[in-house]
Student: 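Could you have a look at this structure, given as structure tokens, before my questions?
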There are 2 protein chains.
Amino acid sequence: MTDDYVEIARQGRLASALHTAGYKLTGPRLAVLYVLEMELCHASPQEVYERGVAIYPALGLSTVYRTLDILTELGLARPAYLGDASQRFTVHHDQRHYHLVCDACGAITDVDEDRITELACSLAAGLGFKPRGQYLEIYGLCQHCQAQPARPPVN
Amino acid sequence: MTDDYVEIARQGRLASALHTAGYKLTGPRLAVLYVLEMELCHASPQEVYERGVAIYPALGLSTVYRTLDILTELGLARPAYLGDASQRFTVHHDQRHYHLVCDACGAITDVDEDRITELACSLAAGLGFKPRGQYLEIYGLCQHCQAQPARPPVN
DNA sequence: CCGGTAATTGAAATTCTTTCTCAGCTAGAA
DNA sequence: TTCTAGCTGAGAAAGAATTTCAATTACCGG
């Protein structure tokens, strides 16, 4: 495990946005961005921290929270409750976050659908609301868990 | 302030659902349901508690959490992050929760739009997903805050 | 390439939120 | 009215998030 993550993260979309906004690209910060971009799109701060420590051992939990806050402020992440048991989760994407969340196994599937975006925007416009982003979550049963009546599969 | 809340809450949609599911309709529980139904559609447990105590002084915070859990389990409420500063919030409605959330003042506007429901359902169906409910949040600036460049209005 | 400085850092303390425990109480069926 | 499973509040405990602070560091300008 070398320091490749620095170069990889530095070239990423998130790092670029932070830099543009005037934030410094430090080692710990890049480790967090690397985790979010390459490993975990949807994760709790704790999970991000655990993965981050594997990359940058001195990483502190505070830095994870701080970085997630910055990303949220820049509109690159957002807090959400995904599924039942999960605590505070954060996700990232452009300005659209569309998810299918399985009630049984907790699996999260990303969906990208322009029609929803259009519909939501026209809806907001009709009410004089200026949208910055949007979040759609459909919860229910994934294909796997519909077949399997009792026990959840993986997670 | 009499005990009218008992009769009012007892006749509500939430109380009826709890009763059908076999839960007892107790004083503390009805106070929470009253608050949720008549006063606060979108609220943190703490806020529900504060209002609830005004109605039923002996109310405990545990009961608020427990009642919100039951409502969530029955699909009548759901946890969500609404806006920036807010902590864990819960909302209630049938199975559809569509919100416009203002980034500046935190105002939450409910939206009811069949087209979104249809679109989301057809989307899910195409992926073999069986939807139980859905949640859409559009965040941005409300009409008021677009005009007012600096300071948020009420809250 | 180097120095200065304001931003950033991790650890620890703190605060806030949520869950658990338990002995007493109560709604509602019989 | 009686009985009992379910419900209660208080306090303790666990868990999550934020704050503080002295030490460190990215990176701009020279």
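Residue numbering restarts at 1 for every chain, and letters A, B, ... go by the order of the sequence lines. The shown structure was predicted, so the numbers you read here are calculated from the model rather than taken from an experiment.
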Student: For B:Ser16, is there any backbone N or O sitting under 3.5 Å from a side-chain donor or acceptor partner on B:Thr20?
Tutor: yes
Student: Counting N and O atoms only, with roles assigned by atom type, does the side chain of B:Glu7 sit under 3.5 Å from a partner on the main chain of B:Asp4, one being a donor and the other an acceptor?
Tutor: no
Student: Under a 4.0 Å heavy-atom cut-off, which of residues 17-29 of chain A touch DNA chain D?
Tutor: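 The answer is A:Lys24, A:Leu25, A:Thr26.
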Student: Given that B:Ser62 and B:Arg10 both sit by DNA chain C, which one's nearest nucleotide is further toward the 5' end?
Tutor: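 Taking each residue's closest nucleotide, the earlier one in sequence belongs to B:Ser62.
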Student: Could you state the CG-P distance from B:Leu33 to C:dA27, rounded to the nearest angstrom?
Tutor: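 Rounded to the whole Å, the gap is 15 Å.
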Student: Kindly say whether B:Gly128 contributes a backbone atom to a donor-acceptor pair with the side chain of A:Gln143 at under 3.5 angstrom?
Tutor: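 Checking the backbone N and O of B:Gly128 against the side chain of A:Gln143, no donor-acceptor pair under 3.5 Å is found.
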Student: Can you tell me how far P of D:dT25 sits from CG of A:Leu59, to the nearest Å?
Tutor: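 To the nearest whole Å, that distance equals 14 Å.
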Student: A:Asp69 has an atom CG; how far is it from atom C1' of D:dT19, in whole Å?
Tutor: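 Answer to the nearest Å: 12 Å.
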Student: Take atom OH of A:Tyr56 and atom P of C:dT9, then tell me their distance rounded to the nearest Å.
Tutor: 8 Å
Student: Starting from C1' on D:dA17, measure out to CD on A:Gln46 and report it in whole angstrom.
Tutor: 11 Å
Student: Do the side chain of A:Gln11 and the main chain of A:Ile8 share a donor and acceptor less than 3.5 angstrom apart?
Tutor: no
Student: So, B:Arg78 and A:Glu137, do they make that salt bridge, N to O below 4.0 Å?
Tutor: yes
Student: Specify the separation, in whole Å, of atom CG of A:Leu61 and atom P of C:dT9.
Tutor: 13 Å
Student: Let me know the distance between CZ of B:Arg66 and P of D:dA10, rounded to the nearest Å.
Tutor: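 Rounded to whole Å, this separation is 11 Å.
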Student: Among B:Val32, B:Thr67, B:Leu59, exactly one meets side chain to side chain contact (heavy atoms under 4.5 Å, CB included) together with B:Val48. Which residue is that?
Tutor: B:Val32
Student: For B:Leu30 and D:dG6, give me the distance from atom CG to atom C1', rounded to whole Å.
Tutor: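 Taking atom C1' of D:dG6 as the reference, CG of B:Leu30 is at 15 Å.
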Student: Can you see if the side chain of B:Tyr65 gets near the phosphate of C:dT19 - specifically, an N or O under 4.0 Å from OP1 or OP2?
Tutor: no
